[in-house]
Each structure stands twice: as structure tokens, then as C-alpha cells.
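Worksheet: one structure, shown below.
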Amino acid sequence: MKNDSRMLLAGVWLFVACSACVAAPAGWDDLARTPPMGWNSWNTFRLEINEEVVRGMADVFVEKGFKRAGYEFIVIDDGWQIDRDDQGNIIVNKDKFPSGIKALADYIHSKGLKLGIYSDAGYSTCGGFPGSLGYEYQDARQYAAWGVDYLKFDWCHTGNKSAPDSYQLMRRALEKAGRPIVFSICEWGTSQPWEWGKGVGHLWRTTFDIRPCWDCGRKTISNGRQVENFIGFTKILDLQVGLASYAGPGHWNDPDMLEVGNGELTLDENRAHFSLWCILAAPLMLGNDIRSATPEILDILLNEEAIAVNQDPLGKQGVKVRDDGDLEVWSKPLHDGSRAVVLFNRSDMKQNLGVLWTEIGYPSHLKAKVRDLWKKKDVGSSRGGYADDVPPHGVVMVKVMP
Ligand code: GLA
């Protein structure tokens with residue numbers, strides 16, 4: 001009798017829990033326990049992507065230490081496809097990818113890396129190539145047969161479709177295809193994917209597209225609405241406030257790919273962009289041409305202590321704990337009880353900026369060791385808090401260890 005009522009209760013609980021969630025396949029979250037790391041072609045190459053470039057990136061991943069630092073996925077964004085054949089199979093642009101995607105996947109796998117690809121939930125991609133609408137299962141089977149490990153799925157030309165329904169459909173198609181494929185939802189945050197993305201995808205874009213600038217932006221029309229698109233990284237950062245509780249192991253907010261090393265960003269701005277993406281537990285998708293990156297940019301992208309903050313197994317997204325106009329403090333709890341802290345100076349002058357232990361969940365009397373993650377050295381122990389000079393448009397990033 002007692003057991004029966006327990007089972008009934010469990011049944012009710014399951015019903016309540018699952019009416020509010022999407023049942024993901026077993027092991028789904030394990031495909032992205034920490035934020036995915038890799039390289040994506042879009043920010044530098046746009047639609048001019050080809051096989052030689054992709055192979056080159058895989059080579060550089062190994063030769064320059066990206067693989068060792070944890071970068072894993074090489075993602076071909078829009079522009080690899082050209083048409084569909086009579087049976088509806090997607091056709092690869094042979095001028096750009098003469099050996100085909102399977103051969104490329106084999107090459108990338110031979111280096112211990114993984115291949116990502118791009119499609120769109122509508123009838124056409126944003127670049128005007130065939131989308132997956134109506135071909136979800138067929139495309140998923142094709143990707144699996146090629147050996148694809150990651151799919152970025154865009155949202156252009158979707159009319160009045162429901163985003164949750166469209167992305168669930170593709171998630172089911174991937175599941176049916178039977179190959180573990182990380183699923184990246186790219187609907188630009190327009191229908192609050194953080195509210196329904198868990199169990200549907202492993203990451204979801206929270207904003208329109210990033211550009212390699214501090215705070216630029218351009219008004220565009222999206223699905224009949226005027227929006228600000230092509231925005232600089234500080235504007236994207238502002239749009240992350242309030243989203244931290246939706247992220248965790250297996251499901252991440254995605255503030256878009258990195259622009260470190262691109263455009264006119266200064267070295268301090270590049271370092272700030274990378275530090276903030278690390279503290280946000282954002283997917284770290286490189287967007288520059290890493291084959292020709294300068295030593296200073298490589299130092300940023302390969303800073304293993306900053307990457308460890310991003311990849312921390314606790315999987316908590318960092319939050320802004322103080323906002324004094326141009327001066328901000330961001331903090332992220334780490335699995336060993338320590339905290340990563342970014343002191344962010346948006347002003348045009350050097351500023352002395354500090355964090356109080358009470359702002360990051362510690363008692364003020366606590367004595368904690370502080371390590372500067374860009375200087376890569378311990379900077380002493382302190383009680384109550386820590387302060388330092390922060391360059392204009394720059395950061396100081398530290399780890400605070402009680
Ligand atoms: C959209 C996406 C970008 C990129 C392009 C490709 O704008 O948000 O990240 O994938 O499409 O056309």
C-alpha cells in the first residue's frame with residue numbers, strides 16, 4: 001500500500017516535471033558538459049569558405065596548441081551547400097569542397113578533432129542556399145553519414161514558424177540519425193530560447209550577430225520588426241544580464257562567436273572580450289583566421305587559466321555583481337569554492353577598480369589568495385577585497401582562492 005502511494009506520487013511528479021520540459025535522449029547533456037570550444041568560419045570568411053581553409057584550421061589547431069588548450073570543433077558555417085538533387089539530397093558546392101564533406105570529416109577526425117556544419121530551419125539559409133525545412137530527417141541522416149559532430153541551425157526564411165517546434169523537430173531528426181551531434185540553436189534570442197532550449201539544443205544564441213567592434217550596432221529589419229543587429233561585444237554583454245540561471249552543464253547561453261583578433265579591436269578590448277566570454281561560460285568559438293594570428297592574439301586565445309574558468313566543471317555562468325556605470329565587476333563561482341572575477345573598465349581612462357569579498361559571496365574577514373590570470377602570477381593574499389588599476393576599455397581578471 002505504502003509502495004503503491006509512493007509510485008503514484010512519483011508518477012504525478014514525473015507528469016508535472018515533464019509537462020514543463022522536453023525529454024532529451026539519454027546522454028544528451030553529456031555531449032556538452034562544458035561550453036563547446038572550437039573555430040567557426042563565419043566571422044572571417046563569410047560565404048567564401050572552402051576545403052583548403054578548413055583543413056588549414058585543423059592543422060593549426062594541432063600545430064599551434066589550440067587542440068591542447070581544449071578547442072575541438074571546426075565548424076563550416078553558411079556557404080558549403082549549393083542545391084538539392086532530384087531525391088532531395090543536399091548537394092555540396094564542389095568548387096569550394098572538391099573532396100566532399102565526408103573526406104573532410106575523416107581528415108579532421110584523423111587529427112583528433114571534430115567537424116561542425118551549418119543549416120537553417122527555413123527554406124533557405126541566411127546566405128541564400130537551401131535550408132532544411134521539409135528535409136530535416138534526410139539532412140540529419142546525411143550529416144550522420146558524413147561523420148558530422150556539430151550542427152549550427154539558423155533561423156532565416158522561417159516565416160511564422162514556431163521556433164521551439166522547428167528546433168525540436170531537428171533535434172528529433174538528429175536523435176533518429178543515431179550519431180551524437182552537438183546541436184547549436186541559432187535563432188538570435190528572438191523567442192527566448194533560454195526558456196525552452198534545454199533538452200532541445202546544447203547551446204542557443206541569445207542575440208543578433210556580433211561584429212568586431214566595441215559598441216557598434218545597426219538597425220535592421222528581422223521578421224518584420226526593427227531590431228539592432230551587427231552589434232559590438234559590449235552591447236552583447238549587456239544583453240546577457242538575467243540569463244545566467246538558464247545555463248548549466250549540457251545547455252549554454254551563446255552570446256555569439258568570438259571576434260578576438262578581428263576588426264579594429266585593440267589588444268585591451270580583445271583581452272576584455274575573451275575574459276568576459278570566459279566568465280559568461282560562453283561557448284568559445286574562435287572567429288579569426290588563426291593561421292595568421294599575431295603572437296599577442298595567440299596569447300589571449302590560448303590562455304589556459306582563463307579557459308579553465310570558462311570550462312570549470314561546476315558549469316555556472318558568471319554574473320555582474322556591480323555596475324557603477326563605466327566600471328563593472330563580474331564574478332563566476334568555480335567548482336573548488338574559488339571565484340573568477342573580471343574587473344571591467346569601459347571608460348577611456350585608466351581606473352582603479354576593486355571587488356569586495358561580500359560581493360562574491362565571501363565574508364569580509366576572509367583572507368584569500370589572489371592570482372592574476374593575465375599576468376599569470378600570484379599577486380598576494382588579501383582580506384575583504386582586491387583592487388587594481390584597470391586599463392581603458394580593458395580588464396583585470398583574477399582568481400580568488402579562500
Ligand atoms: C546568421 C547567423 C550568423 C551566420 C549567418 C550565415 O546571420 O546569425 O552567425 O551563421 O547567418 O549566413
Side-chain angles (χ1 to χ4, degrees), residues 35-36 38-50 53-54 57 73-82 90 92-93 96-97 115-133 139 143 148 150-159 161 163 166-167 170 182-194 197 201-213 216-233 235-236 239-240 252-260 262-263 273 277 282-289:
W39 178 87
N40 175 298
S41 54
W42 183 252
N43 284 354
T44 296
F45 295 94
R46 295 288 187 261
L47 299 173
E48 301 310 314
I49 183 61
N50 63 53
V53 169
V54 175
M57 296 305 159
F73 296 97
I74 308 269
V75 184
I76 309 169
D77 208 283
D78 204 355
W80 59 269
Q81 56 300 67
I82 186 120
I90 189 78
V92 179
N93 184 331
K96 295 175 177 171
F97 294 89
L115 175 69
I117 212 164
Y118 161 103
S119 191
D120 188 288
Y123 62 84
S124 142
T125 70
C126 299
F129 297 105
S132 290
L133 182 63
D139 282 355
Y143 305 151
V148 167
Y150 182 110
L151 174 67
K152 172 174 168 183
F153 208 49
D154 215 342
W155 191 237
C156 274
H157 308 293
T158 46
K161 292 227 155 291
S166 299
Y167 284 94
M170 195 61 196
V182 171
F183 189 32
S184 158
I185 296 174
C186 178
E187 64 73 80
W188 324 309
T190 50
S191 59
Q192 295 75 45
W194 43 89
H202 297 98
L203 57 157
W204 48 82
R205 282 272 298 278
T206 54
T207 69
F208 287 104
D209 291 12
I210 194 167
R211 281 293 178 270
C213 59
C216 60
R218 187 142 56 87
K219 299 259 186 274
T220 56
I221 304 288
S222 168
N223 290 338
R225 268 190 324 125
Q226 198 185 59
V227 295
E228 192 171 36
N229 199 349
F230 311 126
I231 40 185
F233 80 87
K235 285 194 171 164
I236 293 209
L239 294 166
Q240 308 314 306
W252 308 100
N253 289 306
D254 175 8
D256 207 357
M257 304 170 293
L258 292 161
E259 290 283 17
V260 174
N262 287 342
H273 176 18
W277 263 231
L284 295 180
M285 285 292 168
L286 309 169
N288 60 323
D289 189 344

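What you see is a predicted model, and the numbers here were worked out from it, not measured in a lab. For reference, positions follow the sequence shown, starting with 1. One-based numbering, in listed order, for ligands and for the atoms of each.
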Point to revise | Verdict with supporting geometry, Phe233 and Arg211, side-chain contact (heavy atoms from CB on, under 4.5 Å) | key: CA-CA 7 Å; Phe233 80 87; Arg211 281 293 178 270; over 6 Å; no
With heavy atoms and a 4.0 Å threshold, my read on which part of Phe208 contacts ligand 1 is neither
Is any side-chain heavy atom of Met285 less than 4.5 Å from a side-chain heavy atom of Trp39?
-> no
Does any N or O in the side chain of Ser41 come within less than 3.5 Å of the main-chain N or O of Phe45, such that one atom is a donor and the other an acceptor?
no
Is there a side-chain contact between Phe230 and Phe208, using heavy atoms and a 4.5 Å cut-off? no
Between Lys152 and Ile76 (side chain of the first, backbone of the second, donor and acceptor by atom type, cut-off under 3.5 Å), is there such a pair? no
Atoms of ligand 1 under 4.0 Å from any heavy atom of Trp188, numbered from 1 in the order shown, are 2 (C), 8 (O)
**Prompt:** Can you tell me if Arg46 has a non-hydrogen atom under 4.0 Å from ligand 1?
**Reply:** no
- Message: Can you confirm whether more than 12 heavy atoms, excluding those of Arg46, are under 6.0 Å from its CZ atom?
- Response: yes
In ligand 1, the atoms that come under 4.0 Å of a heavy atom of Tyr118 are 6 (C), 10 (O), 11 (O), 12 (O)
Logged contact type for Cys186 with ligand 1, heavy-atom cut-off 4.0 Å, is side chain
re atom 9 (O) of ligand 1, the protein heavy-atom contact at minimum distance is Lys152 NZ, 2.8 Å
The closest protein heavy-atom partner of atom 3 (C) of ligand 1 is Asp209 OD2, 3.4 Å
The closest protein heavy-atom partner of atom 11 (O) of ligand 1 is Asp154 OD2, 2.7 Å
Here the pair of heavy atoms bringing Ala282 nearest to Pro35 is O-CB, 3.5 Å
| message | Please verify the inter-ring angle class for Tyr167 with Phe153; under 30° counts as parallel, over 60° as perpendicular, anything in between as tilted. | response | perpendicular
The protein heavy atom nearest to atom 4 (C) of ligand 1 is Asp77 OD1, 3.5 Å
the protein heavy atom lying closest to atom 12 (O) of ligand 1 turns out to be Asp78 OD2, 2.8 Å
Per-atom filter on ligand 1: closer than 4.0 angstrom to a heavy atom of Gly127 are 12 (O)
